[in-house]
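Below is one structure, written out as structure tokens, with a few remarks after it.
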There are 2 protein chains.
Amino acid sequence: MRLKPNIPMAIQASNVLRQQLRKKRFPDNRLPSEHTIAADLGISRGTVRQALAILEQEGIIIRHQGSGTFVNPHVLQIDARVDVAYEFSELIEAAGFTPTIDTVEVKRLPADAEVAQQLAVAVGAPLLVIHKVFLASGQPTIFVMERIPVALIREAYDDNELHNPIFTFLQERCQVEVDYILSAIIPSLVEGDLVARLGVAAGQTCLQFNEVFYSPSNQPLAQATVFFRDPIIRFHALRKMSQMR
Amino acid sequence: MRLKPNIPMAIQASNVLRQQLRKKRFPDNRLPSEHTIAADLGISRGTVRQALAILEQEGIIIRHQGSGTFVNPHVLQIDARVDVAYEFSELIEAAGFTPTIDTVEVKRLPADAEVAQQLAVAVGAPLLVIHKVFLASGQPTIFVMERIPVALIREAYDDNELHNPIFTFLQERCQVEVDYILSAIIPSLVEGDLVARLGVAAGQTCLQFNEVFYSPSNQPLAQATVFFRDPIIRFHALRKMSQMR
DNA sequence: AAGTGGTCTAGACCACCTT
DNA sequence: AGGTGGTCTAGACCACTTT
């Protein structure tokens, strides 16, 4: 097995192993030892450990001192981890549906107090507001409201670009990179506008994420409110107990 | 600064740094360089990197190649991360309230189909079922239903022990260790029993976690259904975009 | 006793940012 | 140019599990 130079070996190794895991290349659910993997891939044991740490962090392998490294089938089958960033289309695809975008509405509106605070702009500052609906095999499933301060936009754009993920727009037209997203997880009631958007009866529940996008230098870049139709997209969390403090 | 032997240096170093962060020991939000920390703590740079990786994973620091390591105040102030395991009392305390346990009911019931499947036991197998209500400064806030297969219990116990976290019971009376918890995150409606348990009007929403506890050898040990009263306990997720694949 | 993962070291080189 | 973090190596010793 050869790895390419210039791309971190640990990342490549983790990708190789992840693919092999998904293809069930380890029939007894047991991975080779660190020493063996290192020899196979022609890298040092430290780098193998780095690769395995990535997979362990994702929860898809479990390691036991003195015993070995094993596949975790319970986690491997999960499609939506709450601590992993996906594009909405990916999410729908992973859940086994065909993703399409239905509606895109674009407006310019002044920031209200809450959003202004989250984005660190003045109340009333102009925002580019984008509404999208994602369908899973024809069924409305995700409704998003994204808000970007107009002041951030540095280049002319076409409304059609706004179908793309917000990351792309921020990168290309605002020349800023999204480093991380902080989301509040809120159980929400389907009512008002949402009934039509998600095609769900009023009084049903859905999952709401209030998200703020941050740059590498910790500046808020955009804000989004997302509604996931519940049984279709269901998020999971993995919590490890082992972390001693 | 001296570290104790026999406890991993990286863990100790991360604890030292986390405490300093919380106490705002770095007024310009900038941490010392890896080299400096290594010299200060008398450990190697590799070990310092391991410690910093823990803090970066928690999201409370951000690192920039060529530039330095910085505190992330946005994340530092969050009290309930969805990917971190807490005891319920800790959670309530972190939210700024005084935790108490109100009700503990203990029953023995047969497993229904869904729970039986999650716990990998036969339908109808006897379960120890524990219901608890946690109060935050007197207000009902968390309602938990925990289910343990009776077959796992290896020692006599007193019902009073069941006030303790389920981890403790599994450890002491079943001689099994909880390694990780897999939770489905569900937006839920307050109705029926929940109205009384959480002291919330019917028709309000709350956050539900369907949790399965697993041993290091990947065996399901227990199942829990947890309801969090929404605005009081609100979970957050941190998603990093940097992970290339 | 042998094999496994866990920890730690010391040093090298690289990529990136600041000065 | 010098400092920072990012990557990788080779080797050592330890703790734990299996044989």
Side-chain angles (χ1 to χ4, degrees), chain A residues 1-17 26 28-57 61-72 177 179 215-218 240 242-244, chain B residues 1-17 26 28-57 61-72 177 179 215-218 240 242-244:
Chain A
M1 176 66 66
R2 288 269 187 76
L3 301 183
K4 296 174 190 169
N6 281 339
I7 302 172
M9 303 290 207
I11 302 283
Q12 291 188 69
S14 74
N15 289 341
V16 167
L17 292 168
F26 309 108
D28 49 352
N29 266 1
R30 186 204 184 91
L31 275 70
S33 73
E34 296 178 347
H35 180 78
T36 308
I37 296 174
D40 283 358
L41 299 178
I43 57 182
S44 77
R45 190 184 153 213
T47 305
V48 171
R49 280 186 64 74
Q50 215 177 320
L52 291 173
I54 293 172
L55 301 177
E56 190 183 18
Q57 160 58 25
I61 62 171
I62 301 190
R63 323 200 63 201
H64 297 301
Q65 182 169 152
S67 166
T69 300
F70 303 86
V71 183
N72 186 341
E177 201 76 33
D179 190 48
S215 75
S217 58
N218 240 329
K240 296 241 177 77
S242 41
Q243 269 103 278
M244 51 179 127
Chain B
M1 177 67 65
R2 287 273 184 76
L3 301 183
K4 295 173 190 169
N6 281 338
I7 302 171
M9 304 289 206
I11 302 281
Q12 292 188 68
S14 74
N15 289 341
V16 168
L17 291 168
F26 310 108
D28 49 353
N29 266 1
R30 185 205 187 91
L31 274 71
S33 73
E34 295 179 348
H35 179 78
T36 308
I37 296 174
D40 282 358
L41 299 179
I43 57 182
S44 77
R45 192 184 150 211
T47 305
V48 171
R49 281 187 63 76
Q50 214 178 322
L52 291 173
I54 293 171
L55 301 177
E56 191 182 17
Q57 161 58 26
I61 62 171
I62 301 190
R63 323 199 62 199
H64 297 302
Q65 181 168 153
S67 166
T69 300
F70 303 87
V71 183
N72 186 340
E177 201 74 33
D179 191 47
S215 75
S217 58
N218 239 331
K240 295 242 177 78
S242 43
Q243 270 102 282
M244 53 181 123

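Reminder, nothing fancy here: chain letters follow the sequence lines and each chain counts from 1. In this text, all values refer to a predicted model and were calculated from it rather than measured experimentally.
- For A:Ser33, the side-chain contact (heavy atoms from CB on, under 4.5 Å) criterion is met by A:His35, A:Thr36, not counting sequence neighbours.
- Atom CZ in B:Arg63 sits about 12 Å away from atom P in D:dT4, given to the nearest Å.
- Among the protein residues, A:His35 comes within range of no part of the nucleic acid, since none of its heavy atoms lies under 4.0 Å from any strand.
- Residues satisfying the side-chain contact (heavy atoms from CB on, under 4.5 Å) test with A:Asn29, not counting sequence neighbours, are A:Val71, A:Pro73.
- In this structure, B:Ser14 has no side chain to side chain donor-acceptor pair (under 3.5 Å) partners at least two apart in sequence or on a different chain.
- With sequence neighbours excluded, the residues forming a side chain to side chain donor-acceptor pair (under 3.5 Å) with B:Glu34 are B:Arg45, B:Arg49, B:Arg63, listed by chain and number.
- Between A:Leu31 atom CG and C:dT4 atom P the separation is 13 Å, expressed in whole Å.
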>> Within the 4.0 Å limit for protein heavy atoms, which parts of nucleotides 8-19 of chain D are touched? Write it as a string from 5' to 3', B for base, S for sugar-phosphate only, - for none.
In response: SB--B--BBB--
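- For A:Leu41 and D:dT7, the CG to P distance is 17 Å, given to the nearest whole Å.
- Residues that satisfy the side chain to side chain donor-acceptor pair (under 3.5 Å) test with A:Glu177, not counting sequence neighbours, are A:Gln171.
- Side-chain contact check for B:Glu56 versus B:Lys240: some heavy-atom pair is nearer than 4.5 Å.
- Distance A:Ile62 CD1 to C:dG6 P: 12 Å, rounded to the nearest Å.
- Nucleotide C:dC16 holds its C1' atom 13 Å from the CZ atom of B:Phe70, rounded to whole Å.
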